[in-house]
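All chains are named by letter (A, B, ...) in the order of the sequence lines, taking the proteins before the strands, and each is independently numbered beginning at 1. Treat the numbers as computed from the prediction; the structure is a model and nothing was measured. FYI, side chains are in, hydrogens and waters are out, and symmetry mates aren't considered; it's all heavy atoms of this structure.
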Amino acid sequence: MTWDFEYTLEFLPLVLRGLVVTVQVTLLGMAIALVVGLFVAVVRRLKIPVISQIFSFYVLFVRGTPLLVQLYVAYYILPDFGIQANAFVTGVIVIGLNYSSYTAEVYRSGIEGVAVGQWEAAKALSLPPSRLWGQIILPQGIRAIIPILGNYLIQMFKDSAVLSAITVVEMMQVALSFGNSNYQYLEPLTVAGLLYVAISYPASALIRVLERRFATTQ
Amino acid sequence: MSKAWGENHVLRGLDFEVRAGEKVSIIGPSGSGKTTILRILMTLEYPDEGIVTVGGDPLWDVKRGSKPRETKQMRETRKKVGMVFQQFNLFPHMTVLENVIEAPVHVLGMPKAEAKERAVELLEMVGLQAHIGHRPPQLSGGQQQRVAIARALAMRPRVMLFDEPTSALDPELIGEVLGVIRELATTTDMTMLMVTHEMRFAQEISDRVVMFDKGVVVEKGPPEEIFTNPSHERTRSFLRAVLER
Amino acid sequence: MSKAWGENHVLRGLDFEVRAGEKVSIIGPSGSGKTTILRILMTLEYPDEGIVTVGGDPLWDVKRGSKPRETKQMRETRKKVGMVFQQFNLFPHMTVLENVIEAPVHVLGMPKAEAKERAVELLEMVGLQAHIGHRPPQLSGGQQQRVAIARALAMRPRVMLFDEPTSALDPELIGEVLGVIRELATTTDMTMLMVTHEMRFAQEISDRVVMFDKGVVVEKGPPEEIFTNPSHERTRSFLRAVLER
Amino acid sequence: MSTIIEYAPFLLQGVGITILVSFLGCVLAVITAFVAGLMRLSSHRILRWPAAVFVEFFRGSSMLVQMFWLFYALPFFGIQLQPITAAVIALGFNEGAYAAEIVRGTILSRAKGQTEAAIALGMRPGLRMRRILIPQSIPAMLPNFGNIFVDLLKNSSLVSLVTVSELTFRAQQARTTTGDTVEIFLTILVVYFILSWLLSLLMAWLERRFALDRRKIPKIRPLKSILGGGAVR
Amino acid sequence: SKVEPGGGAAPDTLAKAKEQGYLRVAIANEPPYTKVEADGTVTGVEPDILAAVAKKLGIKEIQGTTVTYDSMIPGLNANRWDVIAAGLFMKQSRCEAVAYAEPVIVSTESFGVPKGNPKKITTVADVLANKDLKIAVLTGGFEEGILKTAKVPTDQQVVVKDARSGIEAVKAKRADAFLLPTLSLEDLLKDDKDMEITEPVEDAPKTGSSAAFRKDDTKLQEAYNAELKKFKETGEFDEILKKWGFDPTVVKGVTAEELCKNPG
Ligand SMILES: Nc1ncnc2c1ncn2[C@@H]1O[C@H](COP(=O)(O)OP(=O)(O)OP(=O)(O)O)[C@@H](O)[C@H]1O
Ligand SMILES: Nc1ncnc2c1ncn2[C@@H]1O[C@H](COP(=O)(O)OP(=O)(O)OP(=O)(O)O)[C@@H](O)[C@H]1O
Ligand SMILES: [Mg+2]
Ligand SMILES: [Mg+2]
């Protein structure tokens with residue numbers, strides 16, 4: 001095997017620009033996941049007869065189907081129903097909604113992880129719902145799940161490569177398209193792979209530190 | 001009043017009354033339903049049927065087979081009841097002072113300054129003036145339980161419920177908490193219901209002791225009688241197991 | 001012998017001896033290092049310096065500043081020591097019988113049939129013949145602790161260590177475990193070291209009681225002396241706190 | 001609907017290949033998980049380090065990159081894997097790397113009290129691992145493995161991008177030929193959902209079957225495995 | 001090619017294919033060039049010719065793998081398949097990367113546009129003239145090269161993964177037109193009332209394609225060319241072309257060398 005360094009230098013700037021898009025996708029997607037997930041978690045928790053069940057099914061269904069297929073569906077089918085969005089927007093929304101089904105569960109575990117005693121103490125003191133959620137449950141519940149959400153952020157960073165399948169020009173897609181116009185995948189794919197590790201490994205190490213810090217201060 | 005968990009009939013046709021200002025200890029073996037009574041009084045659990053009143057106001061009025069819902073009436077009545085839990089259940093992310101003023105300010109609508117003043121008084125009473133700005137995880141178990149007592153008192157409840165307030169504590173720390181409860185019992189006219197395994201203590205502070213087993217009252221009476229001359233075999237064997245070791 | 005966790009000097013120049021067959025109770029406030037002594041004897045922890053021998057054979061011989069390694073000698077000596085933990089630590093994936101025969105078969109190399117026979121005897125002794133085929137999670141805490149005792153006995157240790165064997169149990173279940181330990185204490189010539197907060201029980205079965213505080217022995221002597229007429233103020237205050245409530 | 005009926009045999013074969021690839025991937029993931037997980041628990045650096053690098057590498061990069069790399073780049077190192085083999089390896093190693101952390105974490109979480117009890121009974125490290133820690137960790141690992149398996153099943157759709165002719169791949173082909181995008185994609189979406197549902201039923205059954213304390217597991221938890229997912233990742 | 005998979009001496013693919021009885025071929029499932037039937041069999045104009053010529057070379061059958069155009073050459077070089085027969089049009093860079101056989105089809109390019117061609121797109125020059133126009137092309141396809149050579153800005157290009165997606169891109173108004181070989185569009189739009197196909201684009205180069213082999217598979221390429229030459233003489237060749245809607249006469253006399261001069 002020979003490694004073509006000249007070739008590598010040629011595509012490196014492009015791949016790095018793709019990395020910027022990957023990061024954008026991740027941050028925007030995560031923002032959607034965090035907001036929608038919280039909404040879903042709270043609605044499910046409120047146990048509103050039909051609506052909560054629909055949300056539960058939403059979580060179940062999104063989790064039971066592949067991201068790739070969800071992307072295809074959104075990208076190829078939604079326009080038939082008059083929903084227009086380019087690949088980037090479609091990709092960000094789909095990956096955000098996909099992850100919202102996970103974050104909803106994380107929020108739920110955070111809420112449920114708050115000791116029963118805290119709910120009971122609040123009730124014994126007759127605290128109103130706004131104080132119960134705003135001061136007692138959410139501050140404790142969300143604190144505990146920050147590291148988990150961090151892990152999902154990293155996971156999404158890696159999963160965003162799948163968006164290349166609907167031609168979102170993120171890092172993977174850049175590597176592939178550079179590879180195909182030069183008929184050589186080895187170098188761009190290897191570099192892209194290493195860049196993913198180079199970012200996600202330190203990031204998860206950081207999260208492990210956070211996790212330990214959170215664990216000890218609790 | 002009755003309560004069952006599935007097939008497990010925890011409380012069976014219970015019927016008893018506590019007079020205003022009375023101090024009552026509830027004793028009995030594990031699983032006999034002691035905690036369940038207190039939790040129903042605190043509305044953390046609902047009875048399957050029966051009526052519960054506090055100071056004349058209805059707290060529960062449940063027909064067999066119906067699942068009761070929280071009413072406004074119930075919420076009002078509940079404010080007269082305070083509870084101290086076995087596991088303290090302080091809010092760990094708030095300071096001691098914030099724990100104590102949280103409910104007076106946000107439930108009773110007391111001005112913050114007034115609530116603070118009262119909280120400091122209460123914390124002095126339980127001997128914790130030095131820890132006002134600390135957070136619960138920095139305190140020992142005994143100190144945490146004393147904060148919990150102060151927090152419950154801050155609502156000026158007419159009835160206080162204690163569920164094994166010392167059983168999560170190290171032996172040496174138990175004394176300080178019992179000291180505070182003893183003080184309360186002798187100096188206030190609050191009604192007190194206490195589940196405890198501290199027999200000597202129960203004997204000392206109670207006006208009445210209720211012995212409980214399998215969801216029914218086995219025996220009740222003044223502490224001297226129950227402890228020195230129990231009339232039921234079940235009480236005798238229970239006391240033997242707990243005391244003579 | 002000394003042991004420190006960082007700046008926290010848990011054991012400080014400890015020096016004491018237990019004679020073969022002696023029953024010794026260790027008492028003292030929380031955090032005083034009682035558990036640490038037992039864990040060093042069981043080789044679950046290593047001392048920072050000092051020598052520990054069991055039945056004349058060296059278990060630990062550690063110079064200050066060196067980190068000791070497990071030696072063959074130590075492993076042999078360790079087989080003479082058995083331990084019963086506060087949290088039982090039974091193997092949940094094995095039946096009661098399998099728990100008890102596991103070590104004799106796989107460590108001592110005892111034939112399975114023989115190990116079984118002995119296990120059944122031991123389980124009868126602790127009153128669990130009916131539960132031989134059950135798994136630990138199906139048993140009550142008191143039953144689990146009795147299995148743990150049988151499991152430790154199956155290795156025929158010369159020394160048995162008990163670390164608060166009843167403190168994780170419900171009050172009514174404590175009696176059955178203490179009963180088994182009392183039986184062992186009175187009918188065997190095993191050396192026994194027990195950390196406990198059950199003062200009356202310690203008084204009853206011990207040949208000697210050691211009062212411990214902040215990593216040093218405050219006082220030791222026959223139980224009558226320690227409990228009725230302690231010579232140190234620390235012992236007196238500790239006993240007052242624990243007993244008089 | 002007519003398209004689906006016409007293409008049903010073609011798509012069903014794809015389902016077969018999806019199941020095959022996922023099954024082989026799961027087997028490889030379990031083997032990988034135990035080998036790498038136990039290596040990471042070893043006290044020898046020579047075992048610990050390679051396992052750590054393996055796990056961090058496969059967890060650190062995208063599965064899609066790994067697949068493309070195995071398929072299009074590995075041949076330049078003289079290794080020519082069949083498409084299915086490359087797919088199974090990417091799925092198995094990637095998910096196995098996650099599962100290795102489950103194996104390690106579960107064993108570690110058991111370790112304290114159980115290890116001490118075993119030491120107190122004179123058991124040596126190997127015996128402790130073999131007789132005590134591994135057997136009792138398996139039931140605790142099952143729910144997490146369930147999540148890994150469902151994940152793996154879903155990720156098997158990615159192998160369509162490296163020419164393995166599984167369900168998603170065939171759906172794409174049928175769609176290209178017929179243009180009936182809506183029918184075809186909605187159909188396979190439902191098929192995947194049913195597959196993960198069946199898989200989670202199977203895992204729930206296994207969990208109950210091997211529970212240490214059967215009373216603690218509710219009788220029916222059909223979709224728990226799909227739901228319980230992720231937190232470990 | 002820059003590197004060789006396996007690094008060793010060039011393998012004799014012809015001998016190997018004869019021995020194992022099949023040749024591995026990359027296709028795109030884009031009728032009429034290539035097509036996968038509902039039962040999974042591979043057909044289309046290029047695979048049909050490839051299969052016929054391969055038979056003459058003593059290779060019993062061809063085994064198709066459907067891939068996107070962009071992965072065809074990397075996969076060929078990675079030894080994932082032995083030949084590409086997918087309507088992968090010849091152009092300079094490709095001819096440097098792979099060894100083409102003599103052309104079997106010659107094609108024109110057209111735009112697929114909404115009915116009535118509302119944006120009046122007929123030439124590449126039209127696209128350059130209006131910066132708001134968006135043109136769909138296949139990723140790694142010949143047409144992507146056409147736009148690139150004509151210096152059409154990337155934000156005017158909508159890169160899609162397969163031909164069906166290109167049509168859908170236009171319908172979804174993600175693109176205003178889809179640049180594709182005329183015949184491909186005809187096949188895709190044969191039952192479509194919402195779209196139409198423009199006349200062949202005048203300022204697009206004439207293109208053609210044929211089987212492409214690895215650069216070092218010269219032996220196979222030469223043998224194939226020899227058989228192909230003979231095969232072109234037979235009526236069978238014309239029949240296959242006509243069956244798929246191609247005009248056999250336009251291929252006559254066109255050489256790979258000539259088509260390989262196409263820029264891009
Ligand atoms: N939420 C619940 N669901 C099901 N069973 C319950 C629940 N809470 C309590 N029980 C059961 O009800 C019975 C009585 O419980 P309770 O806590 O009132 O007993 P207790 O007298 O307080 O015992 P202890 O001394 O151990 O605290 C027990 O058998 C217990 O297992
Ligand atoms: N692994 C450890 N790391 C750090 N500090 C420890 C560790 N184990 C024990 N300690 C500290 O050593 C001191 C003595 O602990 P030890 O468990 O021996 O006390 P104890 O007398 O058994 O107390 P208790 O009655 O609460 O069981 C305590 O301050 C404890 O916090
Ligand atoms: Mg209770
Ligand atoms: Mg201890």
Side-chain angles (χ1 to χ4, degrees), chain A residues 34 38 41-53 106-150 209-218, chain B residues 35 38-46 59 70 72 74-94 98-109 115 135-138 144-145 147-157 159-163 168:
Chain A
L34 288 178
L38 183 60
V42 172
V43 169
R44 289 181 68 191
R45 173 95 204 173
L46 293 179
K47 307 224 160 75
I48 309 164
V50 177
I51 298 179
S52 292
Q53 272 130 18
V106 177
Y107 283 121
R108 186 173 79 145
S109 75
I111 292 167
E112 282 174 1
V114 176
V116 193
Q118 296 289 311
W119 296 85
E120 297 190 339
K123 197 168 179 192
L125 292 170
S126 295
L127 292 186
S130 59
R131 297 296 292 179
L132 170 69
W133 283 97
Q135 295 305 121
I136 311 295
I137 304 303
L138 290 182
Q140 295 185 58
I142 291 186
R143 195 183 149 77
I145 57 170
I146 286 174
I148 306 179
L149 293 175
V209 172
L210 269 184
E211 224 163 339
R212 234 168 281 141
R213 174 108 15 112
F214 275 114
T216 49
T217 53
Q218 257 168 13
Chain B
T35 296
L38 296 197
R39 290 172 60 82
I40 288 177
L41 283 168
M42 192 69 258
T43 69
L44 298 174
E45 221 77 82
Y46 61 92
L59 183 67
E70 202 170 283
K72 188 139 184 286
M74 181 197 299
R75 277 198 290 274
E76 282 311 308
T77 311
R78 181 166 64 195
K79 287 187 189 157
K80 296 185 205 149
V81 185
M83 181 162 180
V84 173
F85 299 85
Q86 186 179 0
Q87 300 296 346
F88 331 142
N89 293 347
L90 294 176
F91 304 134
H93 57 303
M94 299 178 171
E98 286 165 353
N99 262 281
V100 179
I101 65 169
E102 174 71 19
V105 172
H106 295 279
V107 179
L108 303 183
R135 282 170 203 279
Q138 301 169 305
Q144 291 191 43
Q145 192 60 297
V147 176
I149 293 173
R151 183 176 67 174
L153 289 175
M155 290 289 284
R156 303 186 202 257
V159 180
M160 275 282 272
L161 311 174
F162 296 90
D163 189 9

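Crowding of A:Ile48 atom CD1: a count of heavy atoms from other residues, nucleotides or ligands under 6.0 Å exceeding 12.
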Tell me which donor-acceptor pairs, judged by distance alone and kept under 3.5 Å, run between chain A and chain B, one pair per line.
{"unit_1": "A:Gly117", "atom_1": "O", "unit_2": "B:Asn89", "atom_2": "ND2", "d": "3.2"}
{"unit_1": "A:Gln118", "atom_1": "NE2", "unit_2": "B:Leu90", "atom_2": "O", "d": "2.6"}
{"unit_1": "A:Glu120", "atom_1": "OE1", "unit_2": "B:Arg39", "atom_2": "NH1", "d": "2.8"}
{"unit_1": "A:Glu120", "atom_1": "OE2", "unit_2": "B:Arg39", "atom_2": "NH1", "d": "2.7"}
{"unit_1": "A:Glu120", "atom_1": "OE2", "unit_2": "B:Arg39", "atom_2": "NH2", "d": "2.5"}
{"unit_1": "A:Lys123", "atom_1": "NZ", "unit_2": "B:Thr43", "atom_2": "O", "d": "2.8"}
{"unit_1": "A:Arg131", "atom_1": "NE", "unit_2": "B:Glu102", "atom_2": "OE2", "d": "2.8"}
{"unit_1": "A:Arg131", "atom_1": "NE", "unit_2": "B:His106", "atom_2": "ND1", "d": "3.3"}
{"unit_1": "A:Arg131", "atom_1": "NE", "unit_2": "B:His106", "atom_2": "NE2", "d": "3.4"}
{"unit_1": "A:Arg131", "atom_1": "NH1", "unit_2": "B:His106", "atom_2": "NE2", "d": "3.4"}
{"unit_1": "A:Arg131", "atom_1": "NH2", "unit_2": "B:Glu102", "atom_2": "OE1", "d": "3.0"}
{"unit_1": "A:Arg131", "atom_1": "NH2", "unit_2": "B:Glu102", "atom_2": "OE2", "d": "3.2"}
{"unit_1": "A:Arg131", "atom_1": "NH2", "unit_2": "B:His106", "atom_2": "NE2", "d": "2.9"}
{"unit_1": "A:Gln135", "atom_1": "O", "unit_2": "B:His93", "atom_2": "NE2", "d": "2.5"}
{"unit_1": "A:Gln140", "atom_1": "NE2", "unit_2": "B:His93", "atom_2": "ND1", "d": "3.4"}

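Residue A:Ala115 does not touch chain B at all, counting heavy-atom pairs closer than 4.5 Å. Looking at B:Phe91, both its backbone and its side chain come within 4.5 Å of chain A, counting heavy atoms on both sides. Proximity to chain A is limited to the backbone of B:Val81, based on heavy atoms less than 4.5 angstrom apart. For B:Leu108, no part lies under 4.5 angstrom from a heavy atom of chain A.
Residue A:Ala121 comes nearest to B:Phe85 through the heavy atom pair CA-CE1, 3.8 Å, listed as atom of the first residue, atom of the second, then distance.
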